[in-house]
There are 2 protein chains.
Amino acid sequence: MKKNFSLSGMPDFNTLQIKRREFLISIIKKKFQSFGFKPIATSLIEKRDNLFGSYGTDGDKLIYQIVRSGDYLNKLNIDFQNINYNELSQNICDKALRYDLTIPFARFIASNQADINFPFKRYEVGSVFRADRPQKGRFRQFTQCDADIIGSNSLWLEIELINLIDSVISEFGLNDLTIKINNRKILEGVFESFSSNLDFSNFCIILDKLDKIGFNGVRQLFLTNGFVNNDLDLLCNLFELNGSFLEKKEFLLSKFKINSNLEKGLNELSFIFNKINIETIKQNIEIDFSLARGLDYYTGTIFELVTSNFSGSLAGGGRYDQLTEKFDLKDLSGVGISFGLDRLCLLLEQSNLFPLDIDDNIDFVFLNFGDQEADVAQSYIIKLRDFSVSAELYPDKVKINKQMKYAHKRGAKFVVMIGEQEMKQSKMLVKNMSTGEQQVLTFKELINTL
Amino acid sequence: MKKNFSLSGMPDFNTLQIKRREFLISIIKKKFQSFGFKPIATSLIEKRDNLFGSYGTDGDKLIYQIVRSGDYLNKLNIDFQNINYNELSQNICDKALRYDLTIPFARFIASNQADINFPFKRYEVGSVFRADRPQKGRFRQFTQCDADIIGSNSLWLEIELINLIDSVISEFGLNDLTIKINNRKILEGVFESFSSNLDFSNFCIILDKLDKIGFNGVRQLFLTNGFVNNDLDLLCNLFELNGSFLEKKEFLLSKFKINSNLEKGLNELSFIFNKINIETIKQNIEIDFSLARGLDYYTGTIFELVTSNFSGSLAGGGRYDQLTEKFDLKDLSGVGISFGLDRLCLLLEQSNLFPLDIDDNIDFVFLNFGDQEADVAQSYIIKLRDFSVSAELYPDKVKINKQMKYAHKRGAKFVVMIGEQEMKQSKMLVKNMSTGEQQVLTFKELINTL
């Protein structure tokens, strides 16, 4: 059997895939910039402690940990008989691969606060890593495109991000996607209305499984954690409700005793739904009280971009009030959105929305008739490249058939032949590979055709 | 004391740094493409076994290893009393961060050989990781820009790469850099002329330290490994020789007994020095018999790009005949070059060669006079962005002074004010931040000035 040297869920990309990814990234960056976001880049590796505890208990398990360099056992006093793998990792790993771009952003802010002009709008496009089970559109190494604003709790920023999502997606040519909105304060208010053995963080983690296990699965998990059936019926009704924000708000107000979190959350959502300019938004916007998002750090508005053609979200984000506290920086509210590049690529492929003329075809392949001829060819090639075209010499003097086959597969626009005769006349035979037409030209004549 | 949450040697980049890096990368990519190279991307993580053994014993120590996911101790039967850290890592780590882009390229070739049109020219720009001691221009996470051709042993490819290095560096505006060339076969021939306790791989590893510890340091290391003083005197003379390739070749032929490796190496170098078009090359080219390169996989020509303004190399590469054998693919010779982006950035900074107009200034900042006014501003902002300009609303209704200070620091070209009065008249006050000039305009008038 052939040995597999590649890791599952760790993707390589071929040239076509790269070109498509670069096409998407260039649109995303252009939009980010037009909204006033500035690029930064954070390191791919973080201190282990920066990451653990930020993504919930489920998230912690998915963090890739890096062992210390050098003789890490030398300084340690480990009781190996009684240690489990978690404790061992904690002792011998001091670094980890970043799990998202948000925590590294918070660290960046804390480290560079003196140089930053707040409110600070940054974007970053980069790889993140999660030791999850690989599935279609879900890799272990994947690319996020994040835009965040930190240093203001203005709800205008939520509106800005909704406009940004809409603007990016519409520019891709995608239609009929849905931007789902909810607010963690509402979830917290609902959670406070019920009695259970859970804390709010785990309530959200269970809710976040709704997509995968459905409400009945979620219901079972809640029941084993002390929820009562009546409360869960009410929750189910709340989640299954159709209608506008105002209708859903009405239901919430009529069925739940209002508490401070419910009130704050509804006020925030009201502002957003009131101020957002529905006429300029091209995709759908929907309030979804069941939207929870898995990450621990959200405290207000949360977003998710979904489509019926694709399971899982294409983008997600939200408001966080305490993100930088972990890095000793308080009172800095922020809000952000993260696009999943790999899933967007799949969706655009599925929807045939990539331009057909994305290619990497070379302009000129010079055939190799031997060292003397190649010498002449090489001198022309060097000059040609100054005219912003791509050109190369076939490296080996092999049968011309083989060289032509290579040039054809390579998508060469022109094949240039300089044999003994052409060399004597200081000319070259230029074959147009799409028409088959052949011409004998001087180098100057060739340049004039460019 | 303030806690440091960042890792040493793992760099973040601010906006200016990103813009500068993107400027260099865009030139490098343009040149790679004009030479006919196609982009691919390999995963950042490799199977541990793919990496170990490829970079010499010194290199292995610098590889970052990732512990297995889940309860990795569960299935293992480890005698912890007698295990050392190397053996433990081998047991509990199955993945590692890539150390260069060359081994991942070889794996990519082996995995995708059926789809590849050989000879295959690929480029890749990406992060690599080495647990080295951080120094100026030497990070633990750094970016390499690699161009390789695999599937031909033609020496025209070496010439192509020398032209490529020259072309990239000259496009940057750099002058008087030196492309050093040597050939591993010559080193092997020289090595075979001497008797010692070393193998050839370790001979190269010691030679590679020449930059850091000088010939006397290297001499000591060789002496402790069984070399005799006479041989080392000869080696010293060979290395210290000045002159052209022909002069150095003459010395080699007169002082060493010719063996098969020496002969092959000299033939290869002769072809290159004979065929390369010195008149079109803008930088210096120099034969340097002391050049060794640290990596294990080189078998023929080796290159390095150096400058007197900077210690360490700016680019390096060479010919490898067995690179893909590790991945069960034989008889595939290749040659490549790798530019170190971080060092090139430092050198261009030092040489003041970055364009001064690299900025990320925003075109329009709309001040915030309250929700009603912001509502109007937001509607203009959305429309403005369709005209390929960047625009944003200051998110909070705070003192105008504070907002102006933000806009100034942000490098805003225009500040737009829509207060109660402007709102009534459907106009806006537009301040040109470089001239200080203020105009009251309708939105249409503003658009017409763009």
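No experiment lies behind these values; they were computed from the predicted model shown. Chain identifiers are assigned alphabetically (A, B, ...) following the order of the sequence lines, protein sequences preceding nucleic acid strands; residue numbering begins at 1 within each chain.
The part of A:Lys326 that comes within reach of chain B is its backbone (N, CA, C, O), which places non-hydrogen atoms under 4.5 angstrom from that chain. Of the atoms belonging to A:Val67, heavy atoms from both backbone and side chain fall under 4.5 Å from chain B. With a 4.5 angstrom heavy-atom cutoff, A:Lys397 does not touch chain B via any of its atoms. For a residue to count as touching a neighbouring chain, one of its non-hydrogen atoms must lie under 4.5 Å from one of that chain's; by this rule A:Ser127 touches chain B with the side chain only. Of the atoms belonging to A:Ala412, not a single heavy atom falls under 4.5 Å from chain B. Only the side chain of A:Gln141 comes within contact range of chain B, with heavy atoms under 4.5 Å apart. Contact annotation for A:Ile66: both backbone and side-chain heavy atoms come within less than 4.5 Å of a heavy atom of chain B. Residue A:Ile45 touches chain B through both its backbone and its side chain, counting heavy-atom pairs closer than 4.5 Å.
With sequence neighbours left out, the ring-ring contact (aromatic ring centres under 6.0 Å, His included) criterion links B:Phe364 to B:Phe414.
Inter-residue side-chain proximity for A:Leu88 and B:Leu73 is flagged as met; some heavy-atom pair is nearer than 4.5 Å. Side-chain contact between A:Leu97 and B:Leu44 is absent, with no heavy atoms from C-beta onward closer than 4.5 Å. Two residues are said to be in side-chain contact when any heavy atoms from C-beta on lie closer than 4.5 Å; B:Tyr85 and A:Ile92 fail this criterion. When side chains are defined from C-beta on, A:Gln378 does not count as touching B:Asn277, because their heavy atoms never get closer than 4.5 Å.
With B:Arg410 contributing its side chain and A:Gly36 its backbone, the two residues share a donor-acceptor pair below 3.5 Å. The closest donor-acceptor contact from the side chain of A:Lys47 to the backbone of B:Asn4 lies under 3.5 Å.
Residue pairs satisfying the side chain to side chain donor-acceptor pair (under 3.5 Å) criterion with at least one member in residues 86-95 of chain B, sequence neighbours excluded, are listed as follows: A:Tyr72-B:Ser89.
For chain A, the option among B:Phe13, B:Phe5, B:Phe118 with the highest count of heavy-atom pairs below 4.5 Å is B:Phe5.
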